[in-house]
Amino acid sequence: MSLPVETDVTGAVRGALLSGEYLPRQHLIEADLCERFGAGPADVRSALRLLAVEGLIAARTTERVGRAQAEQLRGIGASMARAVADGELMTYSDLNARLHRCVRDIAGHETADQVLERLRAQVVRHHSVLSLMPGRARVSLPRHQRIIEAMIAKDPTAAEAAMRDHGATAVEALRMLEAGRHRAS
């Protein structure tokens, strides 16, 4: 059984980023990535979104978490838990976006930040859609809490695993949502 193209592209782009083939502040151009990895624009965008969500910047982030950042992460996590308990899905969605921004800011990884900024509109839309899905906040909250705990513990392995798990469940939820839309039309 062969892997979907987007999975192959995700692995290839991940490898290139982690091996230092792209320099800090270097712009990643979608057309160049399509040509280099023999993939279509949708597959490249999907790969970049997945890499952004799964924590390409996890190890760097855990190294940079200080006392102030740890308190900020704890505060966001506690607010997310209250929002879920109170059924405040829009608040949860806003906090979700805030957590992702916080992780990016702590990481200080300019290349990853540029990728995320270019994808921001799509990522924000997906966060909002996912956060408003019935039951999704209760699924994603423990995953966000594991990410926060691993970052505060300065455990890059646990942070990356938690981010990959969160990313994988987010992608699966988006696929289920998209499949439901296709069946409805």
Exercise. Quick one: salt bridge (charged side-chain N to carboxylate O under 4.0 Å, His left out) pairs with a partner in residues 75-97, sequence neighbours left out?
Worked result: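 Listed by first then second residue: nothing to list.
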Beyond-backbone contact of [X] with [Y], side-chain heavy atoms, under 4.5 angstrom:
| X | Y | answer |
| --- | --- | --- |
| Ser140 | Asn96 | no |
| Glu30 | Cys34 | yes |
| Thr62 | Asp155 | no |
| Val139 | Met133 | no |
| Leu73 | Leu99 | yes |
| Phe37 | Val13 | yes |

To check you understand the geometry: which heavy-atom pair defines the closest contact between [X] and [Y], and what is its length?
| X | Y | value |
| --- | --- | --- |
| Tyr92 | Leu141 | OH-N, 3.3 Å |
| Ile148 | Gly77 | CD1-CA, 3.6 Å |
| Val9 | Ala39 | CG2-CB, 3.3 Å |
| Ala150 | Ala159 | CB-N, 3.3 Å |

Problem set entry | Set of residues satisfying side chain to side chain donor-acceptor pair (under 3.5 Å) with respect to Glu35, sequence neighbours excluded |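 For Glu35 there are no side chain to side chain donor-acceptor pair (under 3.5 Å) partners, ignoring immediate neighbours.
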For this session: Could I get the full list of side chain to side chain contact (heavy atoms under 4.5 Å, CB included) partners for Leu95, not counting sequence neighbours?
Result: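 Per chain and number, Leu95 pairs via side chain to side chain contact (heavy atoms under 4.5 Å, CB included) with Ser79, Met80, Ala83, Thr91, Arg98.
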Name all residues meeting the salt bridge (Lys or Arg N to Asp or Glu O under 4.0 Å) criterion together with [X]; count only those two or more places apart in sequence or in a different chain, and write none if there are none.
| X | value |
| --- | --- |
| Arg138 | none |
| Arg101 | none |
| Arg136 | none |

To the closest 0.5 Å, what do you measure between [atom1] ([X]) and [atom2] ([Y])?
| X | Y | atom1 | atom2 | result |
| --- | --- | --- | --- | --- |
| Gln145 | Ile147 | CD | CD1 | 10.5 Å |
| Ile152 | Gln72 | CD1 | CD | 10.5 Å |
| Gln69 | Arg67 | CD | CZ | 11.5 Å |

Exercise. Salt bridge between Arg74 and Glu71, side-chain N to carboxylate O under 4.0 Å?
Worked result: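 Here Arg74 pairs with Glu71 in a salt bridge, since their nearest N and O are under 4.0 Å apart.
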For this session: Kindly assign one of parallel, tilted or perpendicular to the pair His100 and His166, based on the angle between their ring planes and the thresholds 30° and 60°.
Result: tilted
